[in-house]
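What follows is a single structure, written as structure tokens, with notes after it.
Each chain gets a letter, A, B and so on, in the order its sequence line appears, and its residues count up from 1.
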2 protein chains.
Amino acid sequence: MTPQANFSDRGRIVPLTANLADPFQRLGGVLRFAVGEEIYAQEEEADLIYRVVSGAVRATRLLSDGRRQISDFYFPGDLFGLEIGLVHRAAAEALGDVEVLVVKRRALKLLGEDGVQLERMIWQATGEHLERAHDHMLLLGRKSACEKVACFLSDISDRCAAPWAVLPMSRQDIADYLGLTIETVSRMVTQLQQEGLVEFDGCRRFRIAHRARLSERVAA
Amino acid sequence: MTPQANFSDRGRIVPLTANLADPFQRLGGVLRFAVGEEIYAQEEEADLIYRVVSGAVRATRLLSDGRRQISDFYFPGDLFGLEIGLVHRAAAEALGDVEVLVVKRRALKLLGEDGVQLERMIWQATGEHLERAHDHMLLLGRKSACEKVACFLSDISDRCAAPWAVLPMSRQDIADYLGLTIETVSRMVTQLQQEGLVEFDGCRRFRIAHRARLSERVAA
DNA sequence: CGACTGCTTGAGAGTACTCAAGTACTGTGG
DNA sequence: CCACAGTACTTGAGTACTCTCAAGCAGTCG
């Protein structure tokens, strides 16, 4: 299994068996964070590159008056903390207990073939983040509240593979990701449930009840 | 002047004098497009890397029902058309008469030191695009119509350096960039004018009349 | 079991949208 | 150079969607 293949199953559970062909696993240090802990702060010096092993992470950006935008959620296999400048432009926070692998940015040059391989992974990930960012801009700028929530649930469900998915983030996180308020998210979830498109078991566990009809609501 | 320095004056007029230390200028071919012409289409195979020489370009993404989101505008010095996959995820269209330099992606490997230098420029530009995308998500998700328009005018003005700036894009383009309607853009522009924060001479030429007070409206 | 936090629901308000009309540019032909 | 047509922009009135504020309900943890 190449690192690329390993990386590509974004959001799936990555096998925890050691893979010595993967420089991230071989050279990376492990860090653990508890619910709500800050992995790095906005404007903090960007020293490390991160990869989620288990748990989930949110990347948040704040306006001075406290308004918050979550630019992305990272799941097992995802790289994050990639910055072009010297500082992190967004904060990263643990959505639950999180385990991450880290490598030093400055060490990349010293690692020979491993460094080259890691740089290729980082480059690939940066490009994927950019694509996701463009998709997300379209959602934020041009989709209705209902479409936003439908998209979101559909995405999360797709990443999970399993029929039932569990949301690792709060309604507030979802709202800040979709550019809505918590109340609107709640109302849209209720509406999609009443229409029989999704089914919830508690407020975190859900499944897509009618994928075809949900897709019509997603606006692609 | 290094290529990086050349690249970094995003939005300024790039001197047209040949610079043989810049591989883009030395190896790139020139293409010209007229108002509204498509430089490449959404889903078209991504063969080339582009750099704006003169004029301005918009990158647009469409939903199937025609709703449009402009993810960015590119000005002289900006690289665009950088894709991680095989196809362009957004279309690029000329906002006026445009001149661009292009290099073949597949040729990069064959160019030796020049290829390495070009790859570094592309990498740098991809990172900058990602940062801009994150800023833009915050704007789309969390700013009011008035703040969006204030931000936009402030940005354009900053890029121009000159006191008076000319908008190369239509109100519809601005609306699709900010996630608003054309009427709302128009009303906000009028409002900012009435408050004496900006001054317009016709509907395309403007200047910041009161930078400090405009900054308060920008929400950073 | 009770307290706390997080989620949902309701009523009312406000911002941005839609539809429609009017005004200013731009370019072309007389 | 001016008149005209066509396009782009602005303004107005009314509507709709999302937000705000407030209360009630559910899920979680000690």
Query raised in the report: Can you check the B:L167 CG to C:dC25 P distance for me, whole Å?
Result: 14 Å
Report summary line: The residue, A:R142 or A:Q172, whose nearest nucleotide of DNA chain C is more 5′ is A:Q172
Query - Salt-bridge contact B:E195-B:R217 (side-chain N to carboxylate O under 4.0 Å) - result: yes
Query raised in the report: Please give, in whole Å, the distance from D:dT18 P to A:L178 CG?
Result: 12 Å
Query - Distance, rounded to the nearest Å, where B:Q193 contributes CD and D:dC9 contributes P - result: 14 Å
Report task. Indicate whether OP1 or OP2 belonging to C:dT8 is found under 4.0 Å from a side-chain N or O atom of A:R171. Result -> yes
Query raised in the report: Is the closest basic N to carboxylate O distance between A:R207 and A:D201 below 4.0 Å?
Result: no
**Report entry** Whether B:R67 side chain and A:R142 backbone form a donor-acceptor pair below 3.5 Å
**Finding:** yes
Query raised in the report: Which nucleotide, C:dA16, C:dC7, C:dC19, lies nearest any side-chain atom of B:A145?
Result: C:dA16
**Report entry** Gap between atoms CD1 and P, on B:I182 and C:dC17 respectively (whole Å)
**Finding:** 12 Å
**Report entry** Closest listed nucleotide, where the reference is the side chain of B:R204 and the choices are D:dT10, D:dC9, C:dC7
**Finding:** D:dC9
Requested in this report: Return the value, rounded to whole Å, for the distance between atom CZ of A:F206 and atom C1' of C:dT8.
Outcome: 18 Å
Query raised in the report: Could you give the CZ-to-C1' distance, from A:R187 to C:dG10, as a whole number of Å?
Result: 7 Å
**Report entry** Candidates C:dC19, D:dC19, D:dC21 - which lies nearest the side chain of B:E183
**Finding:** C:dC19
Query raised in the report: Of A:Y40, A:F24, A:Y74, which meets ring-ring contact (aromatic ring centres under 6.0 Å, His included) against A:Y50?
Result: A:Y40
Requested in this report: Might you point out which heavy atoms bring B:A175 and B:I182 nearest each other, and give the distance in Å?
Outcome: CB-N, 3.6 Å
Query raised in the report: Separation of B:Q194 atom CD from D:dT11 atom C1', in whole Å?
Result: 11 Å
Report task. To the nearest Å, give me how far apart CD (A:E147) and P (D:dC17) are. Result -> 12 Å
Query raised in the report: Below 4.0 angstrom from OP1 or OP2 of D:dT11, is there any side-chain N or O of B:S186?
Result: no
Query raised in the report: Is A:T184 near enough to D:dC19 that one of its side-chain N or O atoms lies under 4.0 angstrom from OP1 or OP2?
Result: yes
Query raised in the report: Do the side-chain N or O atoms of A:T181 get closer than 4.0 angstrom to the phosphate oxygens (OP1, OP2) of D:dC19?
Result: yes
